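See below for the structure under consideration.
Here is the naming used below: chain letters follow the sequence lines, and residue numbers restart at 1 for every chain. Note that the structure is a prediction, hence the values are computed from the model and not measured. What's counted below: heavy atoms across the whole structure, side chains too, no hydrogens, waters or symmetry copies.
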Amino acid sequence: MASGTLYTYSNNFRAYKVLIAAKYSGSDVKVDPAFEFGVTNKQENFLKKFPQGKVPAFESQNNQYLTESTAIAYFVSSEKLKGSSPYEKALVQQFTSFADNEILPASYAWVYPSLSIAQFNKSSVDRAIEDVKGILEYLNNYLLTRTYLVGERITLADIAVACSLLQLYQHVINPEFKQPYTNVNRWFDTIVNQPTVVDVIGKFEYCQKTAEFNQ
Amino acid sequence: MASGTLYTYSNNFRAYKVLIAAKYSGSDVKVDPAFEFGVTNKQENFLKKFPQGKVPAFESQNNQYLTESTAIAYFVSSEKLKGSSPYEKALVQQFTSFADNEILPASYAWVYPSLSIAQFNKSSVDRAIEDVKGILEYLNNYLLTRTYLVGERITLADIAVACSLLQLYQHVINPEFKQPYTNVNRWFDTIVNQPTVVDVIGKFEYCQKTAEFNQ
Amino acid sequence: MALEILAQEKVWLDKSKYADAERMFYEKQSK
């Protein structure tokens, strides 16, 4: 697995996915402390490596350049994190895709307006809340008989899905909303309290009261 | 690599990704002809296998169930299609993510209003068109010195990115719009005219005139 | 600072609208 430098701003849940995977795998991935979002990723020599100027972006010790957080997470991961059998590997990819394609769009559509970083529009927030309920319902049923999402130990599936849920649990999912989803809450709490995960994201603070939408 | 049954509606560009990958890999993947979108995927025994009722959905010969088109494409693919070195494998994943996370949102936001499948909203269509220009610009520069996206032969990267561009080239990218992107046009034309790809999607018809938006 | 940065990230805020439209279109076609 690859070691190298990760370019990102701090508190980027996409970068957390990479850093947690790297820590579990024992690969040496350092965040560049000099990186300044909006400045560094607009400079000539950054754009030569990463033409789209997007972060997280990864530069391996052998000067290999990579973007897209899920691809970077795989690149720095040990085989153990990717699932053992071909079917488990496929399930890990199913969940990393599910996190990107299903959870994130619902999370953006609820969290961003609640943080006033996107336009508030009642019908689309209500729709996003319904989507989040559907996602938690699905995961809750799936986790009824499972400790982890794939196989008997933590994999990239758990890391990717948990990281994609961070902003929801941190900003909008209050104790009353999450009450019905006991299996997901147990699973999520297990993941964010793993010492390796705490090393990366610190002590996780759950949302106590959902931010009121200022119209 | 896995063989089995794919559940999807016809003309689903996500399913094409799976079927093309399977054909290149020699794995036997059949579309269930009895599947009726909106009916079958709401039935009890389908939902038992695929609780979210989403397609494409895959059932292997060993009764292994999988959703998320990129995960299914990997599951039915030979090693050859996934990239050879660890870095090539990572680049293949970068491009499959890029297709899902960057190309599809821009494609939806331009193509669906133009087909009157989704509401027309001038500012979001204009933004989508700018996003598509950015994507084609990036791919055009990247393909200046390359025949394929990763390594010296076709991989899942080419298949995933080409499939995510199908609706754009078919419905809205007219000859004038695509004129500056000669490397992408050459690459795309190479892919959609591969006999294996023609077997799956048929003869590709390029957009000649962008549909006028009926407000 | 974090919120300003988040605000600069291009995120997919209206996926569900297109996903619904796509589903309805292809359900109709399927019939």
* To do: Determine the option with the most heavy-atom pairs under 4.5 angstrom with chain B, choosing from C/Glu27, C/Glu22, C/Met24.
  => C/Glu22
* Asked: Tell me, side chain or backbone of C/Lys31 under 4.5 Å from chain B's heavy atoms, or both, or neither?
  -> both
* Asked: Within a radius of less than 6.0 Å around NZ of B/Lys54, do more than 12 heavy atoms belonging to other residues, nucleotides or ligands occur?
  -> no
* To the nearest 0.5 Å, tell me how far C/Gln29 CD sits from B/Ile117 CD1. => 7.5 Å
* Structure fact -> Cut-off 4.5 Å, heavy atoms of chain C, and the answer for B/Glu102 is side chain
* For B/Ser124, is it the side chain, the backbone, both, or neither that has a heavy atom closer than 4.5 Å to a heavy atom of chain C? -> side chain
* Taking the six-membered ring for Trp, are the ring centroids of B/Tyr9 and C/Tyr26 within less than 6.0 Å of each other? -> yes
* To do: Check the surroundings of atom CZ in C/Arg23: do more than 12 heavy atoms from other residues, nucleotides or ligands lie under 6.0 Å from it?
  => yes
* Proximity breakdown for B/Tyr112 and chain C, heavy-atom pairs closer than 4.5 Å -> side chain
* Heavy-atom count around B/Lys23 NZ within 6.0 Å, excluding the residue itself: above 12? -> no
* To do: Against chain C, label B/Asp131 side chain, backbone, both or neither, depending on which of its atoms sit under 4.5 Å from a heavy atom there.
  => side chain
* To do: Using a cut-off of 6.0 Å, state whether more than 12 heavy atoms not belonging to B/Gln43 lie near its atom CD.
  => yes
